[in-house]
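Predicted model, so just to flag it, every value in this text is computed and none were measured. In what follows, chains are A, B, ... by sequence order, proteins preceding strands, each numbered from 1.
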Protein chains: 2
Amino acid sequence: MLEKRDLLINFILDTVPVTRDQAKEIANSFHPIQIKKGDFLLRENNINNDYFYLEKGLMRTFLFNLKGNEITTDFFTENNIVFEVTSFFNRVNSEANIQAITDCFGYRISYDELNSLFHNKPAFRDFGRAILVKEFISSKKRNYGMINRTAEERYQNLLTSKSQILQHAPLKYIASYLGITDSTLSRLRRKI
Amino acid sequence: MLEKRDLLINFILDTVPVTRDQAKEIANSFHPIQIKKGDFLLRENNINNDYFYLEKGLMRTFLFNLKGNEITTDFFTENNIVFEVTSFFNRVNSEANIQAITDCFGYRISYDELNSLFHNKPAFRDFGRAILVKEFISSKKRNYGMINRTAEERYQNLLTSKSQILQHAPLKYIASYLGITDSTLSRLRRKI
DNA sequence: TATATTTCTTGCCTTTTGTCAAGTAATTTT
DNA sequence: AAAATTACTTGACAAAAGGCAAGAAATATA
């Protein structure tokens, strides 16, 4: 039978050049958790203390703007690391929430555990940096899309890159993520 | 007389909790360079091998979209680290250029030098991570501004956060950075 | 199953932004 | 200084997106 943690081990092996034993050691430092649909990995005004490998399910981060409207700033799909960088690394209260869109399962470590691995295990050092680099790059790509693509192109892009999200997230999450109103997204969809 | 490298030393001390001696040691691993207005720190289709502390001057990154239009994706001001994360860390050719908007001066290290410090000097480890975290956060803030602010608000925000840019960059750089056309920015300015 | 709530769509009209083109102003090159 | 290039502005019109409200559809709750 396939040990479940194998997916995390493979994720590590795909992220950074380490041996399978090193990947296993890193994976074994993580702790399994389950998050039910609608529940929160992080609530605003708390410090994010979970560096979370999402094995199964979908999540999002959202916050409220000055008008009180809910803005979805990010979607997370399976086989990715989930955390709120500002709160987690700077140890400050988060403005954002991280919520499960569907039932989720994965593995977490705390900030202290991560830091100890970062300083004591060279393999994890490279892994941690690679994750930061990867997320930073995807944030920059999103920026580029926002300044260089129309709403329709951004929607089409989401459709191909994170199609699972389109199937499970309500329209209003997707609209605010794309930077348009619900009505506009609804009309866009009809057009397609 | 003030040793010029003091600005870099202070930058390190402001970024991460290390002793002045540790900061000096890190700073001394960097090499001074000068870049004239209009010259390039990085040209597209090359690998970015400079992790660059910008002490004096202004820079930008830009690339060409599918229509052949030049898109400015980032501005850099004094007392910041300048690099193209995808190319630098993944050792792949860059799609983007990094160019001096004004005469620039600062200090650089190569990828190999950075990596050796990263693995051998715990103080630098924390510094390197803190820079990645800082840039990642600022990219996320930019995303949030793009989906949640009007063009006028984004312009006003740039005006307060990077006013030096507004004084030295031509309108077309700023317009593409804000995700609007030259005409629209020109009209926005008249309104203000 | 009935009721309530949330999600999504659509019409009407307004505002914002884009496109294209012409013209002026400023800067750079010769 | 003249010529050429680049930067910026503006007008007229078109396209994209927003605001608001009503209603239909789907989902959740009682």
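Atom pair A:Glu153:CD and D:dA15:P shows a separation of 17 Å (rounding to whole Å applied). With rounding to whole Å, B:Met146 atom CE is found 12 Å from D:dA17 atom P. In this structure, B:Glu70 atom CD and D:dA7 atom P are separated by 9 Å, rounded to whole Å. Per the geometry, CZ belonging to B:Arg149 stands 19 Å off C1' belonging to D:dA17, to the nearest Å.
When the side-chain nitrogen and oxygen atoms of B:Lys172 are compared with OP1 and OP2 of D:dC8, none of them lie within a distance under 4.0 Å.
In terms of heavy atoms, A:Leu58 sits closest to A:Thr102 at N-OG1, 3.0 Å.
Note that B:Arg5 lies outside the cation-pi zone of B:Tyr53, set by a 6.0 Å cut-off to the ring centre and a 45° limit from the axis. Note that B:Arg60 lies in the cation-pi zone of B:Tyr173, set by a 6.0 Å cut-off to the ring centre and a 45° limit from the axis.
Less than 4.0 Å separates DNA chain D from no heavy atom of any residue of residues 156-166 of chain A. In the region residues 177-192 of chain B, proximity to DNA chain D at under 4.0 angstrom, judged on heavy atoms, holds for B:Ser183, B:Ser186, B:Arg187, B:Arg190.
Using cut-offs of 30° and 60° for the angle between ring planes, the B:Tyr51 and B:Phe83 rings count as tilted. Ring pair A:Phe89/A:Tyr111 is perpendicular by interplanar angle, where above 60° counts as perpendicular and below 30° as parallel.
Sparse packing is recorded around NZ of A:Lys24, with 12 or fewer heavy atoms of other residues, nucleotides or ligands lying under 6.0 Å away. More than 12 heavy atoms of other residues, nucleotides or ligands lie within 6.0 Å of CD in A:Gln156, so this atom counts as buried by the packing criterion.
You'll find the ring centres of A:Phe118 and A:Phe124 outside the 6.0 Å limit.
B:Phe30 and B:Ile98 fall into different hydrophobic clusters, where Ile, Leu, Val, Met, Phe, Trp and Tyr side chains are chained together by heavy-atom contacts under 4.5 Å.
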In 5'-to-3' order, the base (B), backbone-only (S) or no-contact (-) status of each nucleotide in nucleotides 22-30 of chain D, using a 4.0 angstrom heavy-atom cut-off, is ---------
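For the pair A:Lys140 and B:Glu84, the salt-bridge criterion is met [side-chain N within less than 4.0 Å of a carboxylate O].
Remark: of the listed residues B:Leu117, B:Val18, B:Val16, B:Val16 is the sole one forming a side-chain contact (heavy atoms from CB on, under 4.5 Å) with B:Phe127.
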